[in-house]
Amino acid sequence: MNGPYASIAGVGSELPARQVDNHHFAKYLDTSDEWIRKRTGIVRRHLADKDAKLCDLARPAAQKAIAAAGVTADQIDAIIVATTTPDRIFPATACLLQDALGVQGCPAFDVQAVCCGFLYALSCGEAMIRAERSSCALIVGADIFSRLVDWNDRSTCILFGDGAAAVVLKAAANPGIVALQLGAQGSSADILTAEGHPQRGEFCGKPVTRMDGQSVFTLATRAMIESSLAVCDQAAIKPDEIDWFVPHQANQRIISAVAQRLGIGKEKVVATIAEHGNTSAASIPLALDSIGEQIKSGDRVLMYAAGGGLTWGAALALVP
Ligand code: COA
């Protein structure tokens with residue numbers, strides 16, 4: 001296939017100022033810092049204040065990505081926000097963000113694939129660029145997942161954090177997103193879900209996260225391994241030819257199990273879980289931003305995720 005191709009030109013991120021460590025949970029739940037570290041790898045997470053707006057987190061992340069890409073906001077011609085925790089039922093957070101950035105007229109929409117949302121949004125942006133419907137797309141992964149947490153459920157509340165991160169995808173003559181694969185298995189919807197929906201002015205059901213942790217662990221690990229291998233196959237490369245592995249940050253044990261199965265060394269695996277926890281759609285671009293200084297032109301970056309749905313995906317990017 002010929003160009004235009006889509007290339008990641010800039011990355012930016014934003015975290016809420018407030019950090020909460022594991023000891024906080026041990027004060028009121030039957031848990032401990034030691035258990036959380038050992039079973040998840042999480043040490044602390046950033047949590048947004050109760051009245052915080054997702055758009056207020058997404059805007060500075062987007063502005064940093066725009067500046068890093070060397071473009072201006074008025075050059076952005078598509079805005080896609082991956083989120084499960086939008087500020088409003090509608091309009092989309094992408095529309096609110098468009099206004100906050102002072103951008104006018106371009107398409108703006110949200111994508112909801114929970115922890116895999118960033119890769120789904122990246123795929124939409126890539127497809128728009130390949131189809132010449134965009135030449136400079138802003139792709140944001142942002143979640144205030146703490147909105148969907150039952151703070152008395154020790155098996156889930158310790159896992160999540162809040163954050164936002166963005167990339168600018170630009171049209172390029174050479175391949176940037178080299179390979180991409182997405183999937184879903186709706187029959188596993190109930191193992192990770194936040195039920196509840198609005199009806200006639202009321203909220204029906206409880207809008208908090210419920211999870212069968214062990215099933216998610218098993219299925220997510222398998223899905224990320226298969227998706228990563230599929231993408232390597234598409235690109236005709238072996239996992240050990242990849243420079244950086246940027247996994248969704250859900251559990252250090254999942255990150256390590258996938259890395260071991262792919263046969264890759266720890267030094268290539270980007271892990272921010274200790275500091276961020278699981279930030280859902282923001283997780284991959286936040287991790288990507290954390291290696292901004294170390295990444296070089298020509299590096300191959302494999303991103304992979306799995307989340308509620310069950311959704312999964314992987315994308316291989318070549319650094320321009
Ligand atoms: N502190 C102390 N004990 C806890 C605990 C906590 N925060 N959370 C659960 N436990 C307990 C359980 O109640 C259980 O007790 P029991 O044996 O008396 O019933 C015990 O620890 C073991 O529970 P289990 O679910 O087997 O633990 P685990 O090793 O599977 O770890 C998770 C639990 C949630 C950390 C792990 O399953 C996980 O990370 N799953 C994937 C989650 C995920 O990735 N979600 C998002 C996907 S995008």
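Predicted model, so just to flag it, every value in this text is computed and none were measured. Every number for a ligand or one of its atoms is a count from 1 in the order of the listing. Sequential numbering from 1 along the given sequence is applied to the chain's residues.
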Contact between ligand 1 and V114 is defined here as a heavy atom of the residue under 4.0 Å from a ligand atom; is it met?
no
Any non-hydrogen protein atom less than 4.0 Å away from atom 23 (O) of ligand 1:
no
So does D77 pair up with K170, basic N to acidic O under 4.0 Å?
no
Under 4.0 Å between a Lys/Arg side-chain N and an Asp/Glu carboxylate O for E275 and R44?
yes
Report yes or no: does a heavy atom of A306 sit under 4.0 Å from some atom of ligand 1?
yes
Can you pull out every side chain to side chain donor-acceptor pair (under 3.5 Å) where at least one residue sits in residues 119-133? Sequence neighbours excluded, please.
none
Is the contact between N278 and ligand 1 made by the side chain, the backbone, both, or neither, using heavy atoms and a 4.0 Å cut-off?
side chain
Can you find an N/O atom of N251 closer than 3.5 Å to an N/O atom of ligand 1?
yes
Would D150 and R210 pass as an ion pair if we require N to O under 4.0 Å?
yes
Are any of the side-chain nitrogens in R45 or D21 under 4.0 Å away from the carboxylate oxygens of its partner?
no
Taking heavy atoms and a distance under 4.0 Å, where does L192 meet ligand 1: side chain, backbone, both or neither?
side chain
From atom 17 (O) of ligand 1, is the closest protein heavy-atom distance below 4.0 Å?
no
Looking at D243 and K268, is any side-chain nitrogen of the basic one under 4.0 Å from a carboxylate oxygen of the acidic one?
no
